[in-house]
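For reference, the structure discussed in these notes is given below.
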Amino acid sequence: MVGIKPSFMETTGLLLISLVLVMVILSFVVGNVIFYPRSESPYSPPSQSNLLGTDDLGDDVLTLIFRGSRVSLSIGIIGSLVSTLIGTVIGALSGFCGGSLDDILGWLTDLFIVIPALPLMIVLTAYLSPSFWNVVLVIGLLWWPTTARLVRARAWQLRSSTFVEGLIGIDASKIYIVFRHILPNVLGVVLARFVLSISHAILLEAGLSFIGLSDPTNPSWGTILHFAMTRGALLQGAWWTFVPPGIAISMTSLGFILLGMGLEQRYRIGPKSLEGKI
Amino acid sequence: MRLIQDLSGIRTPNNLESNVILSAEHVSKWYISFKRRKTVALENVNFSIFKGEKVCIIGESGSGKSTLAKILCGLITPNSGEVRFEGKKLSELNKSEKKVFRMRVQYIPQCPDLALDPTWYLYDSLAEPLRIQKICSKQDEFERVKEVCERVGIGMDQLRRKPRNVSGGELQRVVIARAFILSPEIIIADEPTSMLDPSIQAKIVRTILDLQSESNIGIVFLTHDLELAKLVSEKMFVMLGGRIVESGYTRDILKTPLHPYTKSLLMGVPPKTEFKQNSPCGFYGECEIVSEVCCQYPPPESEVYGGRKVRCWRYA
Amino acid sequence: MKKTYLLISAGIIIVAIVGVMVSAPTGFFNPNQTTQQTQNVTRTLTIGTVNVVKTDNYVKDYYMGIFSACFILDPLARVDASGNIVPYLVNWTTSDSKVWRLTLIVDTKWHDGQRVTAEDVAFTIMYLKQKDPNYATHFQFVQSASALDNRTVEVTLSKEWNSFVVGLAATRLMPKHIWSSVAEPASYTGNDRNVGCGPFVYGGFDAASGTMTFLSNKDYWRGPPNVDKVILKMYTTTDAMLMALKKGDIAATYAYAKGIDPIYVPSLLEDKNVTMIILPNFGVDNSLWFNCMRYPYNMTEFRIAISYALEYSDYVNYISAGYAKTPTRGWIPDCWDYYVPKPKLMKNASYAGEILSSIGFLDRNGDGWREYPNGTDFNMRILARSDISESLKLAELVKRDLEKIGIRTQIVTADVSTFQTITQNTKDFDSAISRTTFWGMIMYAGAGTLYFDNRNMGWANVGDPVYHSVVDEIIKTANQTRVRELYAKLQDLYAENMYAIPLYWGKIIQPYRSDLVSGLVYDTMYGILGKDTWFSVVVK
Amino acid sequence: MHDSRALLEYNGIEVTFDMGGLKVNALRGIDLEVYRGEVLGIVGESGSGKTVLLQATLRLLPENAKVRGRIFYNGLNILNIKEREFKKILGRSFSIIPQGFGSLNPCIRNWVQISERPMEHFGKSKEEGYNMASDLLGKLGVKNPSKVAQIYRHQISGGTLQRVLVAMGTSAPSKILFVDEPTKGLDERMKRLVIELIKISRKNFESMIIVSHDLNFLKEVSDRICVLYCGDLVEVCYKREFFESPRHPYSQALLLSLPSRGLLPIPGESPSMVTPPSGCSFHPRCKHSTTVCESRRPLPFLIDGGMVRCHLYARD
C-alpha cells in the first residue's frame, strides 16, 4: 500500500478519535485526583475551578466526561468487536460453505435484520440487568447482521475465485480455507465495518444508558445525560451537565463514521486497481 | 527445434490400458439454471491420458474444456459418468487415496491474478501444498521451495513479495512452481498463457515443457491456439459444444483434419452469425456440408483409423 | 423460498395490526357517567403525576389502587394529622384484641345505586385476604369476618393484634355484588370494575395520552365534592411534569407518599404562582439497611463503625438540596409523637477506623483496603434501586465515604421487582438503600417494625430475640401508655444496634399553582388527594 | 514542424503518474505521426505504455496522471483545448471500438448502442439511427440484421456480439478509428472475424490506430507498426519490413517468441516501470548490449522512412 495518502474523511475522523483518546489518557492522569465533591451546592455553573461546572453531587462535569470517555469508548470498541467477530465468522462460513448452511445462516441473518434491534436491546438489557458486559453482549449479539451480509458477499466472491479452487485441488479442508484464506481477504472490509460499527455501538450505548439501562457505577456519557435528565438539570437550566456529553458523543461517533467511511471507500476500490494501471 | 523432433516419436509401449493414469468415462455435466433450464456443459465425454503423455485439448471458450479440466482434477463432480484415477473411481476413493490423488494431479489455472491468495506472501503460498499435505519438515520445505524455484526460474527474493507486487509472468511461474512442488504425475494446465503477453507466453510454455521432460509427467494442455498445440502435444482432443468432436495424434489432425469444425479452425474461417441454437450437432449452424440427419440426431463417435476418432455423421 | 418469506412477513404485519387494534385504548367508556353533568360551568381540576397507571384494574395495578382509593373508593378507616387511625366508614370495638366488632357508621350507596351494607365490609376483608397479595400482611391474622346484621361485622383474629385497625385504613371497600363472582380479580375487565362509593365516579382512562378522568359523585355521603371533574395527567419524567406545572397545564403535582424531589425546588421558587406545601415526612427518606444475619453486618460494632464513617451533611446538601435534616441515632423521625430524642448522627472517620481495626478489619497487605480478620479481601456491596436516580446517587456518596475509611465498596443495582425479591425473600445482600413510607411505618407493630423484623418484610433481617419480644408485646398490648413505652424501647434498640442507618430525614414538598387552586388539605397517607381536600378545595 | 501527411501528430508526449509521492514515467517522449489513410499498429507488452498513449489521446487518463507535450489533430493541439471543444472533436472525429463485451449495456437494445453517437453528434433521428444500425450489421455479415438490432446483448452469440461491437465503433463517419486490444482473450476463429470486420470498416475512416500485443493480428490489418518498450518508442516501420527484417533487437526477439517462429523466450524479465533500466531500457535483455547502451539512452535514428531507437544503428 505504498503511498496512499489518508483521505480528508480519514484525517478528520482520526483527528476526532485521537481527541477522544487524549481524553481517555487524561482521565487516568487527572480523573482520580479531582473526582470528589468540590462545590458546596449541586449544579454550580462553570467557573474557574470547575471549567464545565458541577453536577447534582457537586462533581466536576469535565472530570466526569473524561472518565465517561473510557466507558463509552471501551463499550463501543468491545461491543463492535464482538459484533464484527460474530458477523465475520457467520458471513464467511455462510458465504464460503454455501448450501444448506448458507440457507440457515442467511435466514438467521435476515431474521436479525428484520428484528427491530433497538427495542429488543432495551428489553434484553433490562432483562439481563444492565452492566458493562451485558451492554457489550447485547450490542454484540444484535448488531452483527450487516457485517455478516457484507462478509458473506465477499466470501461468495472469493469462493469462486481461482485460488480457492486451487486450494481444494491440494486437498485443503474447508475450515482451513475459511480461516487462513477467506478471512484474511475480507479483513479490509471487516476493518472498515468494524470502525463504522464502533460509532453505532457508542450511539447505542449512549441510548441505552440515557434511558437508564447502563451500569450507573461506571458512568458513560449516556449515563451523565441520564442523570442530568432524571435529576432536574434540564429544569434548572444546568446546560453544562447535558450539552458537553452530548457533544462528546456526537463528535466521537462522527469521528468513527468518517474514518470508517474513508476505509470503506479505500477497500471498495481495492488496492489492486489503485496500482494496477500504468 | 528439439521439441518438434521429440513429438514425432510415438512411444507405443505406453499405449496400454494399464498405463492410463487418468481417464474420464462417459462424463456429462449440466447446470440447472434459474428458470429450470438445463445448460449442458459436457456431454458423454471420454478421455484418457497415459503416463508421461502430452495431451492437448483444443476448444473455444464455452466449448466445455475448462469444465472437463476441473472434472479431471476433481474440482467439480460430474452429473453422470466416472473419472478414474489409476483405475479407481474418483467418487469411491477413501480419504488417504483422495489425498494421494490430490497430490498426483495438479491444476494450473488460466488467470494467475487470482490464482494465489492476494494477502499471502508468495513463499507461503508456494510452500502451502507441502504444509497441507504434511510431507516434509520446515527445513526440507525450504529446500524443496528453493529447488522448484530454480527449476521454474524465479529468484528466492521474489518470494518475499505479495502477488500484487509481481508481474503476471512471474506470478504464473509461481503458480506453475506450486503445481510442481508436490511432484505430480499429471499437470492440467488450463490456458496458462492466454492472459499473458506473447513474449512471456514463450517463457511459460518453455518452463512447463522443460519440467515435463525432466520428470516425465503427463500434461494436459488446454488452449485455443493451434500453433501452440502443435508445439506442445502428442495427442489432441478437439472440443465443441461440450463434446469431443475429434481426437487423435496432433500431427495427423493438423495434417488431415476430418471434422468440419477442425477444418474451419485450421483454415481460419471466421464464425458465422446465427442465433444460439440447440442443435444435436454443435457445428450445425456453420457446417458447409449438412445432411438432414445432422439436425435430428447427435452424431455418434466413430473411429476412422488407429486412434483417430471423429464425431460427425459423415464418418458414421 | 421467496413466497414463504412474503407469507411470513404478511402474517406478521396482520398480527401487528390486529394487536394494535385490540390493545387500543378502551377509554372514556363508562355507563355511569352520563347522568352526572347538570351544572353549566364545570369546575375542573387537573393534576399531574409521575405515578403512571398502566391498566385501570385497581387490584392489578399498584398506582391504580392508589388513585381508586383517593377518588372512587372509600376506606374503612383513615389516618388523622398526627398519625392516628380514626373511623371513616366504620367504627370498631374490641375487648380482647382478638375479636373485633366493626360497625358501619354511614349510610351510603354504590355508584350504581345499590346500598352499602355490612355484607360488603365482611366480603372485602376476606376477599382481599384471599385474592390480593398486597393485603396478606394487613390481614395476616384474620381468621374470619362475617356480617352480624346490616351494620355490624365481626372479625376474628388468630392472635391478639392491636394493629388490625391499620389494615382497616388501607382497606378500600369493594362492592360484593360485583366482585363476589370474580375469581381472578387481577384480570377482571368488566365495565363495572371501577364502581365504588367514593366521592368520584370513574370517568375513563386513555392509556395513550396518559389521562384519567373522575367525575364528582353528587350523592356522596359527605355531600357533593367542590369540583365537578378531576383530570389526572400522567408524566413519565418529573421534568416534564414540572414544566407543565410552570406553564399552568396542571394545577398541582402528585406522587404517592412523596413530594417532589427537593432538587427541583430552586427552579420552582422562581415562579411566583407556584406555592409549595412543605410538611414533615413520616417515613424515613432513605436508610442504609444492613443484612443483620450476614457476617460481618451482624456485628453491632461493625454497623456502628459505618455510622461514624458517613458524611450526613452531604446527603442533606446534594440529595435533598437542603430540604432535610440530619437524623438521630433513634431512626424514627422527630415528627412522630412517640419520638424520643437521641444524639444526632455525625461523622467521625478516625473513630470509625478505630472500631473497625479493633474488630480485626485491618489493611494488612497495604493496598489501602481493609481485609477480613482472616486476611481475605473484604468487599461491601450496596444494593440500590436502578430505577431511582436519587438512590443511585446516594449509594455513590455512601460508597465514597466508606472508601475513605478503607472499605472496598461495590454498588449493585436492581430494578424494583428484583430489589423486592432480594430484600424480602432471598436476602442475598450485604446492605441496601431504600426509603420507607408513612404507610409502612404504621404497619405490623408500627414504628418501622415491618422493615426490621425478619419475621415480616424485614429488610434489616433482624432476628434479635430482644427485638422480637418488644415487637410481640406491642402487638398484644392495647394500653396506649405501655405502647409508647415500648416504642421508646424500640428507639433505644435502634440507636444501640444500628440495624439500619437513617441517612437523612426529608420533608415532603408538595407544589401547586396558587392561581389555579386553593384549599388543598394534606392527608398523612394520600397527600393532597385525601378525602378532606374535596370539601375545601377551591378551583379558580 | 507540421507534416502535411499527418492527420494526428504526437510531439514529445510524456506521461507521469503520481503514485503518492512516487513519480512513474509511463511514456518518455513519444514522437509519432499518424498519416492520412493508414492503419497504424501499436505493439508492446502490457505495461509498455501503449494503452496510456491511447488514453492520453482520448483524455481518458486517471486524475493522478500528468501529460506533457503536444498532440496535433489537423494542426490543432488537442491537449490545449477546452473540455467542451474536445468533446466535440471526440464526438465528430474520433471513433473507438471498445475492448471486450463489457462495454455493451445489457439493458439497451443493440441498435440504440450502435447508433447512439450518430444520433447525438450528427443529429440523426431515431428512425435513421435504427436503419443505420441494421444496415451496418448487414454489411458486417449479420444474417438477420433487423432482428439483431432489436434485441439485447445477452440474446446473441459471440460472433454476432463481436460484430455489434465493431458496428458500435464504426457507426459514425469519423476521421480516426481507435481500436484497443481487439483480440484480447479471443479464440482463433473470433480473431479471424475481427480481422475481417476491421478490413470491412477500413474504408470508412481516414486513419486507424490499433493497439494490440498480437503480432499475427497486426500482420493482417496494419500498414505500419510502431513498437513500444518500457515507455519508449523503439521502432517504427512498415509492416513488411517489420515482419521480414526487424531492426531493433527487441522487435527481433519479440518475433522469435511467437509459437510459429520457434517459441523462443526473450531472456530476462520485463522491466519495471517504477525503476526502469538506465540508458537503453532494453539493454539488460539485449544480446548486442555494450557499455554505451547501459549509460546512454539512444536517440531515434531514421532509416528508410522508419525509425529505430538503438545504438546499433546510431553508430553506423
Side-chain angles (χ1 to χ4, degrees), chain A residues 32 35-44 54-59 64 100 102-104 106-107 110-111 113-116 123 125-132 134 208-219 223-238 241-242, chain C residues 1 4-5 8-9 12 50 236-243 245-246 260-271 311 313-315 317-322 381-382 384-397 399-401 403-404 409-415 417-419:
Chain A
N32 296 322
F35 192 60
Y36 284 102
R38 298 187 70 198
S39 71
E40 287 294 304
S41 57
Y43 294 129
S44 51
T54 65
D55 72 348
D56 55 335
L57 292 190
D59 288 336
L64 280 173
S100 49
D102 183 32
D103 282 348
I104 293 167
W107 182 81
D110 286 350
L111 188 77
I113 283 180
V114 170
I115 286 175
V123 171
T125 325
Y127 176 74
L128 291 172
S129 87
S131 75
F132 182 92
N134 282 344
L208 287 176
S209 37
F210 178 69
I211 54 172
L213 294 172
S214 71
D215 182 2
T217 61
N218 215 353
T223 321
I224 302 175
L225 282 177
H226 168 69
F227 283 125
M229 290 297 132
T230 53
R231 297 276 294 155
L234 194 64
L235 211 67
Q236 303 227 349
T241 55
F242 51 84
Chain C
M1 209 64 182
T4 336
Y5 274 128
I8 291 171
S9 45
I12 290 170
V50 285
T236 43
T237 65
T238 312
D239 275 86
M241 179 174 79
L242 292 182
M243 275 180 206
L245 180 74
K246 279 184 153 186
I260 55 154
D261 192 334
I263 204 138
Y264 290 102
V265 172
S267 72
L268 288 181
L269 286 174
E270 291 163 11
D271 198 324
E311 182 66 84
S313 61
D314 273 2
Y315 313 144
N317 261 342
Y318 295 120
I319 302 299
S320 43
R381 287 178 299 156
I382 302 176
R385 281 268 294 271
S386 59
D387 53 332
I388 304 177
S389 299
E390 179 191 278
S391 149
L392 292 170
K393 289 284 187 175
L394 199 57
E396 177 67 35
L397 288 178
K399 178 183 168 172
R400 289 184 204 175
D401 289 335
E403 285 177 344
K404 274 185 201 153
T409 316
Q410 184 194 349
I411 299 173
V412 180
T413 62
D415 60 33
S417 60
T418 321
F419 186 89

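Convention: sequence-line order gives letters A, B, ...; per-chain numbering from 1. This one's a predicted model, so the numbers in the text were calculated from it and none came from an experiment.
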Any chance you could measure [X], atom [atom1], to [Y], atom [atom2], to the nearest 0.5 Å?
{"X": "A:L234", "Y": "C:L242", "atom1": "CG", "atom2": "CG", "answer": "11.0 Å"}
{"X": "C:R400", "Y": "A:L57", "atom1": "CZ", "atom2": "CG", "answer": "5.5 Å"}
{"X": "C:K393", "Y": "A:D56", "atom1": "NZ", "atom2": "CG", "answer": "4.0 Å"}

Heavy-atom proximity to chain A below 4.5 Å, by part of [X]:
{"X": "C:S389", "value": "both"}
{"X": "C:L392", "value": "side chain"}
{"X": "C:D261", "value": "side chain"}
{"X": "C:I388", "value": "neither"}
{"X": "C:E270", "value": "neither"}

Shortest non-hydrogen contact between C:Y318 and A:R231, atoms and distance: O-NH2, 3.3 Å

Heavy-atom pair of closest approach, residues A:T230 and C:Y264: O-OH, 3.5 Å

A:D215: side-chain hydrogen bond (donor to acceptor under 3.5 Å, both in side chains) partners, not counting sequence neighbours: A:T217

All salt bridge (charged side-chain N to carboxylate O under 4.0 Å, His left out) counterparts of C:D239, not counting sequence neighbours: none

